[in-house]
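Following: one structure in structure tokens, then a few remarks.
None of the values given here were measured: they were computed from a predicted structure. Hydrogens, waters and symmetry mates play no part in the numbers below; they use all other heavy atoms, side chains included.
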Amino acid sequence: MKISKIVAAFAVFTICLSAAFSADDYGIKNVVSVPVNKNATPEAKALMSFLADNYGKKVLSGQMDLTWNDTVDMAERVFADTGKYPAIMGYDFMNSLTPGSGYGQNQTEEAIEWAKKGGIVAFCWHWRVKGTNKTPEFYTKSGGNPNGTDFKIPYDLSTKTWDETPVRGGYDFHKLQKDMDKVAVKLQQLQDEGIPVLWRPLHEASGGWFWWGAAGSTKTEKAERYKALYRYMFDYYTNEKGLNNLIWVWNGQDKAWYPGDEYVDIIGVDIYDVPKDYSSKKAKWLQAVNYAENPEQTPKMVALTENGTIPSPSKIQDDGAWWSFFMTWNDGQENSFQEHLNHKNNFWTGEHYNTDAHKKEVYESDIVITLDELK
């Protein structure tokens, strides 16, 4: 997620559509229910089918884990405030590629334990790479981080080929493949355990604050290089690595970055809105529906893959803005008890974004699925 200036960034992103459509206009009851990977595992097929069966009727609750502080259990914080656990827990490979580097080393193991409790597992990847600087990072300098990477996706737009020339300290294709191999090992662990994964790589690309969305001088260049990398990862993981437990959740935030229906199972949207705004976010839901190539014929499910405030279940139902699931972002690194309760970087704990009453209302709603309701 974009840690700084999130409210302003996503406020600007809001687009009002010229025409209003109901959910039925896009066949919400006929969404794609089979994974795009024809060799998907039985578990992945079952999860995809479960999500499709509930789409338009129920919303799955979700919570992101706190990757940079292993002492905090976000699932337990949700339970402490609501008396229920989320159906989905989200994890991150952000700090998992360098053994012994601190927090975030055991995300795969934590995900396996969550699955054993009957929960659904989601993963994203804040992918750190070195550019001409020495420190691996996922933020870009242009995105507002003075220590950000300047790594560029080594894809030649004129020839539509990868530049595989080794470059010392530069933009090396082999660096990308090596990192993908490391993550593939962890995803394979989950597959070996029979665990399907809501896999959301290369997220929020159009924002430009992550290196995978900043490779070019124009929007078109950036989008085309991004799509080349997304498609390469899909083909590499699916055809080379045999990772058939992945449900591919695309989260580029702009139709120009959409890689194609054959690479996407679920369309995701990240929304960090005004605190305590519990509206259904229908305008952004409709916009996301239209990211698909054939939204009227083969509609894709749409999910709220990151959120600050949680939309009111009653407003979701009344507006017909049926998110497949929501995924509330995690808490920040609190330095005091008061900061723990009220800090603006705490997206769950405290009442800055969601009041305690609203959290309970959401988790007690008849249309929200929690861990205890999963079969």
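A 6.0 Å sphere centred on NZ of Lys178 holds no more than 12 heavy atoms belonging to other residues, nucleotides or ligands.
Under the side-chain hydrogen bond (donor to acceptor under 3.5 Å, both in side chains) criterion, Thr355 pairs with no residue, sequence neighbours left out. Contacts of Lys186 classified as side-chain hydrogen bond (donor to acceptor under 3.5 Å, both in side chains), with partners at least two apart in sequence or in another chain: none.
For Trp250 and Tyr291, the ring centers are positioned less than 6.0 Å apart. With ring centers used as reference points, Trp285 lies 6.0 Å or more from Trp322. Under the 6.0 Å cut-off for aromatic ring centres, His352 and Phe347 do not qualify, their centroids lying 6.0 Å or more apart. Aromatic rings from Phe173 and Tyr232 are positioned such that their centres are separated by under 6.0 Å. The six-membered or imidazole ring of Trp209 lies away from that of Tyr139, with a centre-to-centre distance of 6.0 Å or more. Taking the ring centroids of Phe138 and Trp211, they lie at or beyond the 6.0 Å cut-off.
Ion pairing between a basic and an acidic side chain is recognised when a charged N comes within 4.0 Å of a carboxylate O; Arg231 and Glu262 show no such pairing. Salt bridge Asp277/Lys315: absent, no basic N to carboxylate O contact under 4.0 Å. Salt bridge Asp273/Lys281: present, at least one basic N to carboxylate O contact under 4.0 Å. Ion pairing between Asp356 and Lys359 holds under the 4.0 Å rule for side-chain N and carboxylate O. A salt bridge does not link Asp53 with Lys58: none of the charged nitrogens is closer than 4.0 Å to a carboxylate oxygen. A salt bridge links Lys241 and Asp181; the closest N-O separation between the charged side-chain nitrogens and carboxylate oxygens is under 4.0 Å.
The OG1 atom of Thr349 sits 4.0 Å away from the CZ atom of Arg77 when rounded to the nearest 0.5 Å. Expressed to the nearest 0.5 Å, how far CZ of Phe326 lies from OG1 of Thr305 amounts to 13.0 Å.
A ring pair (Phe, Tyr, Trp, His ring centres under 6.0 Å) with Tyr263 is found for one member of Phe234, Tyr258, Trp199 and no other, namely Phe234.
Side-chain N/O atoms of Tyr85 and Glu76 include a donor and acceptor closer than 3.5 Å. A donor atom on one side chain and an acceptor atom on the other are not found under 3.5 Å apart for Thr41 and Asn245. Under 3.5 Å, the side chains of Thr328 and Asn307 contain a donor-acceptor pair of N or O atoms. In the model, Asp156 has no side-chain atom that pairs as donor or acceptor with a side-chain atom of Thr161 under 3.5 Å. A donor-acceptor contact under 3.5 angstrom links the side chains of Ser312 and Ser314, judged on distance only. Judged by distance alone, the side chains of Gln253 and Asn251 do bring a donor and an acceptor atom under 3.5 Å apart. For the residue pair Ser217 and Glu221, a side-chain donor N or O sits within less than 3.5 Å of a side-chain acceptor on the partner. Judged by distance alone, the side chains of Ser280 and Asp319 do bring a donor and an acceptor atom under 3.5 Å apart.
Formation of a donor-acceptor pair under 3.5 Å by the Asp331 side chain with backbone atoms of Asn345 is not found in this model. Without hydrogens or angle criteria, Gln191 side chain to Gly242 main chain gives a donor-acceptor distance under 3.5 Å.
Using a 30° and 60° split on the angle between ring planes, Trp125 and Trp127 fall in the parallel class, below 30°. Ring orientation note: the planes of Trp212 and His203 are tilted relative to one another, at an angle of 30° to 60°. By the 30° and 60° cut-offs, the orientation of the rings of Trp68 relative to Trp329 is tilted.
Side-chain atoms of Val121 and Trp114, non-hydrogen and from C-beta on, do get closer than 4.5 Å to each other. Asp163 has its side chain out of reach of Tyr155: every pair of non-hydrogen atoms, C-beta onward, lies at least 4.5 Å apart. Counting heavy atoms from C-beta outward, Met233 and Pro201 have side chains that approach closer than 4.5 Å. Under the 4.5 Å side-chain criterion, counting only non-hydrogen atoms from C-beta, Ile266 is in contact with Leu198. Side-chain atoms of Leu246 and Asn37, non-hydrogen and from C-beta on, never get closer than 4.5 Å to each other. With a 4.5 Å cut-off on side-chain heavy atoms, Lys141 and Pro146 do not count as touching. Between Arg200 and Phe123, every side-chain heavy-atom pair lies at or beyond the 4.5 Å cut-off. Put simply, the side chain of Tyr55 does not reach to within 4.5 Å of the side chain of Ser33, judged on heavy atoms.
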| Is there a side chain to side chain donor-acceptor pair (under 3.5 Å) between Gln107 and Asp65 once you walk through the steps? | CA-CA 9 Å; Gln107 290 282 280; Asp65 187 40; 2.8 Å; yes
| query | Would Tyr91 and Glu110 count as a side chain to side chain donor-acceptor pair (under 3.5 Å) if you check the C-alpha gap in whole Å, the side-chain angles of each, and the deciding distance to 0.1 Å? | reply | CA-CA 8 Å; Tyr91 303 93; Glu110 290 179 25; 5.4 Å; no
| field | Check against side chain to side chain contact (heavy atoms under 4.5 Å, CB included), Asn147 and Glu137 | value | CA-CA 8 Å; Asn147 298 315; Glu137 185 54 273; 5.6 Å; no
| said: Could you go through Lys182 and Phe93, starting from their C-alpha distance and side-chain angles, then the distance that decides it, and tell me whether this counts as side chain to side chain contact (heavy atoms under 4.5 Å, CB included)? | reply: CA-CA 10 Å; Lys182 291 179 180 178; Phe93 290 123; over 6 Å; no
